[in-house]
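The structure under discussion appears below in the form of structure tokens.
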Amino acid sequence: MPLDCTSAFYEENAEIYGKRARSLPKQQLDAFLAALAPGAAVLELGCGGGQDSAYMLSQGFDVTPTDGSTELAKQAEALIGRPVRVMLFQELDADSAFDGVWAHASLLHVPRSELPDVFARIRRALRTGGIIHATFKAGEAEGHDGFGRYYNYPSADGLLALLTKGGWRDITIEENDGGGYDGKPTRWITVMAHR
């Protein structure tokens with residue numbers, strides 16, 4: 001987590017946030033997993049309470065869950081029964097280790113100025129042909145929500161330009177309306193791209 005107030009929110013609200021009623025993004029998960037070979041190695045960045053990792057594990061994938069919050073990692077460990085690595089996105093230092101990276105509603109907390117480096121780290125962590133799934137809250141200017149959490153609020157065009165410049169290929173970007181933890185209507189951007 002990039003900013004202290006964002007980190008503090010997840011540390012202080014880990015149990016409530018981790019165990020909240022949440023609809024699994026099953027359609028997106030299934031589309032992501034369908035693009036991978038059975039049993040492929042998946043890195044989850046920002047696993048939160050661990051629900052997505054639990055689903056991917058149940059489908060036979062080799063999942064490495066990570067989160068920037070020590071307390072959220074504990075919540076995820078209790079759910080999935082395996083260790084969760086506590087790690088900031090900026091600390092990712094793997095090389096051709098994963099077939100897929102699942103970053104659902106997590107990279108949206110990376111400061112805009114650090115997004116190119118984080119995407120470069122993710123690209124390096126993927127094997128050739130590997131795929132990333134990431135979602136963002138759409139917007140024009142970075143800012144904070146009512147809980148004090150920082151968001152980079154990118155535009156679809158901005159993300160496309162960033163990924164293209166970073167060497168990603170087969171980039172698909174979709175937008176849809178939904179909600180978030182704060183209960184407010186949210187325009188979501190979903191990105192899938194290959195190394």
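Between Ile132 and Met192, the closest side-chain pair of non-hydrogen atoms is not below 4.5 Å. Between Tyr150 and Cys5, every side-chain heavy-atom pair lies at or beyond the 4.5 Å cut-off. For the pair Tyr181/Ile16, a side-chain contact is recorded, criterion being any heavy-atom separation below 4.5 Å from C-beta on. Side-chain atoms of Val42 and Leu36, non-hydrogen and from C-beta on, do get closer than 4.5 Å to each other. Residues Thr164 and Ile171 are in side-chain contact: their nearest non-hydrogen atoms beyond the backbone lie under 4.5 Å apart. The shortest side-chain heavy-atom distance between Glu77 and Arg82 does not fall under the 4.5 Å cut-off.
In this structure, Glu142 has no salt bridge (Lys or Arg N to Asp or Glu O under 4.0 Å) partners at least two apart in sequence or on a different chain. In this view, Arg149 and Asp145 satisfy the salt bridge (Lys or Arg N to Asp or Glu O under 4.0 Å) rule, not counting sequence neighbours. Shown here are the salt bridge (Lys or Arg N to Asp or Glu O under 4.0 Å) partners of Arg127, two or more places apart in sequence or in another chain: Asp99. Remark: Ala103 pairs with Leu45, Ser106, Leu107, Ala134 by the side-chain contact (heavy atoms from CB on, under 4.5 Å) rule, at least two apart or across chains. With sequence neighbours excluded, no residue forms a side-chain hydrogen bond (donor to acceptor under 3.5 Å, both in side chains) with His194. With sequence neighbours left out, the side-chain hydrogen bond (donor to acceptor under 3.5 Å, both in side chains) criterion links Asp30 to Lys26, Tyr55.
Between His104 and His133, the ring planes lie parallel to each other; the angle is under 30°, not in the 30° to 60° tilted range. The aromatic rings of His109 and Tyr151 are tilted relative to each other, their planes meeting at an angle between 30° and 60°.
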Quiz prompt | Verdict with supporting geometry, Glu114 and Gln90, side-chain hydrogen bond (donor to acceptor under 3.5 Å, both in side chains) | solution = CA-CA 8 Å; Glu114 296 177 28; Gln90 295 87 340; 2.6 Å; yes
Working for side-chain contact (heavy atoms from CB on, under 4.5 Å), residues Ile173 and Thr190
CA-CA 6 Å; Ile173 297 180; Thr190 301; over 6 Å; no
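Side chain of Arg85 to main chain of Thr66: no donor-acceptor pair is present (N/O by atom type, distance under 3.5 Å, no hydrogens or angles). Under a 3.5 Å cut-off, the side chain of Thr135 and the backbone N or O of Ala105 do form a donor-acceptor pair. For Arg123 (side chain) and Gly167 (main-chain N/O), a donor-acceptor pair under 3.5 Å exists by modelled atom type. Formation of a donor-acceptor pair under 3.5 Å by the Thr186 side chain with backbone atoms of Lys184 is found in this model.
Closest heavy-atom contact between Gln75 and Ala14: CG-O, 3.6 Å. Residues Leu79 and Gly49 share a closest heavy-atom pair of CD2-O, 3.4 Å. Considering all non-hydrogen atoms of both residues, Pro65 and Ile80 come closest at CG-CD1, 3.7 Å. Nearest heavy atoms, Val84 versus Ala76: CG2-CB, 3.7 Å. When every heavy atom of Gly68 is checked against every heavy atom of Glu11, the shortest pair comes out as O-OE2, 4.4 Å. Nearest heavy atom pair, residue Val63 against residue Ser53, reads CG1-OG, 3.5 Å.
The OG atom of Ser96 sits 4.5 Å away from the CZ atom of Arg195 when rounded to the nearest 0.5 Å. The distance from atom CG of Leu163 to atom CH2 of Trp168, rounded to the nearest 0.5 Å, is 7.0 Å. Atom-to-atom distance recorded for Cys47:SG and Met87:CE is 10.0 Å, nearest 0.5 angstrom. Rounded to the nearest 0.5 angstrom, Glu44 CD and Asp52 CG are separated by 5.0 Å. Note that CH2 of Trp102 is 16.0 Å distant from OG1 of Thr64, once rounded to the nearest 0.5 Å. Separating the OG atom in Ser155 from the CD1 atom in Ile189 is a distance of 6.5 Å, to the nearest 0.5 Å.
Salt bridge status for Glu71 with Lys74: present, with a side-chain N to carboxylate O gap under 4.0 Å. Ion pairing between Arg187 and Asp177 holds under the 4.0 Å rule for side-chain N and carboxylate O.
Taking hydrophobic clusters as Ile, Leu, Val, Met, Phe, Trp and Tyr residues chained together by side-chain heavy-atom distances below 4.5 Å, Val101 does not share a cluster with Val86. Linking ILVMFWY side-chain heavy atoms closer than 4.5 Å, directly or via other members, places Leu108 and Leu92 in a single hydrophobic cluster. No path of Ile, Leu, Val, Met, Phe, Trp and Tyr side chains, each step under 4.5 Å between heavy atoms, connects Leu72 with Met56, placing them in separate hydrophobic clusters. When the side chains of ILVMFWY residues are joined at heavy-atom separations under 4.5 Å, either directly or via intervening members, Leu57 and Phe32 end up in a single hydrophobic cluster. Follow the hydrophobic side-chain contacts under 4.5 Å out from Phe119 and you reach Leu160 in the same cluster.
Aromatic pair Tyr17/Phe147: ring centres not closer than 6.0 Å.
In this structure, Glu91 places its CD atom where more than 12 heavy-atom neighbours from other residues, nucleotides or ligands lie under 6.0 Å away.
For the pair Lys137 and Tyr153, the cation does not sit on the ring face, since its NZ or CZ is not both under 6.0 Å from the ring centre and inside 45° of the axis.
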